Structure formats: structure tokens, C-alpha cells
Amino acid sequence: MQYGLLVMGAPYSSPAPHSALRFAHAVLARGHQLAGVFFYHDGVHNASSLMAPPQDELNMHDAWAELHQQHAVPLDVCIAAALRRGLMNESEAQRHGKQAFNLSPPFELTGLGQLLELQQRADRLITFA
């Protein structure tokens, strides 16, 4: 079975990202496929490369990146929600005249059309909010 995940909660202020990550690992461990993860609303903060939690806490950015590296799971970030919350990749930072960026691969800025495609590809789209 193909699953898609929609993550709408921010790391460290919502249990949603942790639950989504645990669900992703459980799905893959049972032999299912993960068609992709879409970060929306405050969930876009999971893609920030600038988060620096204490060493005894899970770094959510790194944990999602590791999921991508191990299983080639696409990590899509809603561009409108990200820009509104100050997350941008290098090209968006240049386009908006900003001095820095905090979003880089394997996270990709995409539109809501990508969420619709994920919903169509997946047998089940699970929301974590």
C-alpha cells in the first residue's frame, strides 16, 4: 500500500511531526511504500536547517532528511506557507532580496498542486496536525 503524509504541526510545539515520523518508519518497516511527505501550515518549520535543539532531543530536520536518504521519500514544502513563515531556499532568498536562506535539499519548495498529486498517488493520505 502507498501512503502519503501531510504534516501541519511545527516541531517542538506540536506532537504531529514526531507522530508522523514514527508512522513513516512503521509503514516502511511493514513493507509498505511512502509516496511522499508534504509540509503545510506550521509544519513547514520541520524543513528549517537552522533549528538547533539540545543534543538530547531529536533534530526533526535531520530526522526527515535521514528518512529521505534511506528511503528516497520526497519531502515537499508548501512555498506559500514557507515564505509566509520566513523559510526559503537560496533562489527564493535572492528573489526576495534576503541575505540568508534556511531551506535546502532534500526539502523542496512546491505548490499545493504537489499535495494533490501526492493524494492521487497514495492509497491513503494521513494528516498529522
Side-chain angles (χ1 to χ4, degrees):
M1 185 173 289
Q2 285 253 19
Y3 286 90
L5 305 182
L6 173 60
V7 180
M8 298 173 60
Y12 315 113
S13 63
S14 167
H18 288 89
S19 296
L21 188 62
R22 284 192 308 269
F23 184 84
H25 285 293
V27 161
L28 293 166
R30 293 186 182 206
H32 299 290
Q33 295 179 341
L34 195 53
V37 180
F38 192 88
F39 298 94
Y40 192 42
H41 291 281
D42 285 341
V44 300
H45 290 292
N46 287 276
S48 175
S49 61
L50 295 180
M51 69 174 85
Q55 289 181 344
D56 63 341
E57 288 184 24
L58 179 66
N59 184 315
M60 292 303 295
H61 172 274
D62 293 351
W64 287 113
E66 184 178 322
L67 179 75
H68 168 80
Q69 290 167 357
Q70 291 177 350
H71 302 283
V73 175
L75 303 174
D76 294 316
V77 180
C78 175
I79 189 168
L83 292 178
R84 190 175 292 121
R85 289 165 176 83
L87 279 92
M88 57 190 70
N89 60 16
E90 187 172 14
S91 64
E92 287 297 317
Q94 290 174 354
R95 187 167 80 90
H96 292 283
K98 302 298 181 184
Q99 296 176 349
F101 63 95
N102 56 349
L103 193 143
S104 58
F107 295 92
E108 297 212 18
L109 290 175
T110 62
L112 284 176
Q114 199 66 25
L115 175 59
L116 294 174
E117 286 182 26
L118 176 60
Q119 184 178 15
Q120 290 174 344
R121 281 194 326 267
D123 298 311
R124 300 280 187 271
L125 180 66
I126 311 297
T127 301
F128 294 87

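For clarity, every value in this text was computed on a predicted model and none was experimentally measured.
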Going from [atom1] on [X] to [atom2] on [Y], what distance comes out if it is rounded to the nearest 0.5 angstrom?
X: H18; Y: N46; atom1: NE2; atom2: CG; answer: 8.5 Å
X: L109; Y: F39; atom1: CG; atom2: CZ; answer: 12.0 Å
X: S48; Y: L87; atom1: OG; atom2: CG; answer: 5.0 Å
X: M51; Y: D62; atom1: CE; atom2: CG; answer: 8.5 Å

Handout entry: Pairing residues for H61 by the ring pair (Phe, Tyr, Trp, His ring centres under 6.0 Å) criterion, not counting sequence neighbours
Key =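 Applying ring pair (Phe, Tyr, Trp, His ring centres under 6.0 Å) to H61 gives F107.
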Problem - Partner set under ring pair (Phe, Tyr, Trp, His ring centres under 6.0 Å) for H32, not counting sequence neighbours - result: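 Partners of H32 under the ring pair (Phe, Tyr, Trp, His ring centres under 6.0 Å) test: Y3.
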Side-chain donor-acceptor pairs of residues 112-129 under 3.5 Å, sequence neighbours excluded:
{"unit_1": "R121", "atom_1": "NH2", "unit_2": "A35", "atom_2": "O", "d": "3.0"}
{"unit_1": "D123", "atom_1": "OD2", "unit_2": "Q2", "atom_2": "N", "d": "2.8"}

What is the minimum heavy-atom distance between [X] and [Y], and which atoms define it?
X: V77; Y: A47; answer: CG2-CB, 3.7 Å
X: V73; Y: G36; answer: CG1-CA, 3.9 Å
X: L34; Y: A24; answer: CD2-CB, 3.6 Å

Problem - Contacts of N89 that satisfy side-chain hydrogen bond (donor to acceptor under 3.5 Å, both in side chains) - sequence neighbours left out - result: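 Applying side-chain hydrogen bond (donor to acceptor under 3.5 Å, both in side chains) to N89 gives S91.
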Got a list of side-chain donor-acceptor pairs under 3.5 Å for residues 4-16, not counting sequence neighbours?
{"unit_1": "Y12", "atom_1": "OH", "unit_2": "L58", "atom_2": "O", "d": "2.6"}
{"unit_1": "Y12", "atom_1": "OH", "unit_2": "M60", "atom_2": "N", "d": "3.1"}
{"unit_1": "S14", "atom_1": "OG", "unit_2": "A16", "atom_2": "N", "d": "3.1"}

Exercise for the section: Please list all pairs passing the side chain to side chain donor-acceptor pair (under 3.5 Å) test where one or both residues lie in residues 65-79, with sequence neighbours left out. Expected result: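 For residues 65-79: E66-Q70.
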Practice task
Any chance you could pull the hydrophobic cluster mates of F101, using side-chain heavy atoms under 4.5 angstrom and chaining through other members?
Solution key: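 The other cluster members (ILVMFWY side chains, heavy atoms under 4.5 Å, direct or chained): none.
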Problem - Any pair counted as salt bridge (Lys or Arg N to Asp or Glu O under 4.0 Å), so long as it reaches residues 24-38, sequence neighbours left out - result: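 Salt bridge (Lys or Arg N to Asp or Glu O under 4.0 Å) check on residues 24-38 returns no pairs.
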Is it the case that one hydrophobic cluster holds both [X] and [Y], taking links as side-chain heavy atoms less than 4.5 Å apart, direct or via other members?
X: V44; Y: V37; value: yes
X: L67; Y: L103; value: yes
X: W64; Y: Y40; value: no

Exercise for the section: Not counting sequence neighbours, which residues clear side-chain contact (heavy atoms from CB on, under 4.5 Å) with P105? List them please. Expected result: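 Expected list: none.
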Practice task
State which residues pass salt bridge (Lys or Arg N to Asp or Glu O under 4.0 Å) with D42; sequence neighbours excluded, sorted by chain then number.
Solution key: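 Expected list: R85.
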Problem - salt bridge (Lys or Arg N to Asp or Glu O under 4.0 Å) involving E92 - partner list, sequence neighbours excluded - result: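 Here the qualifying residues are R95.
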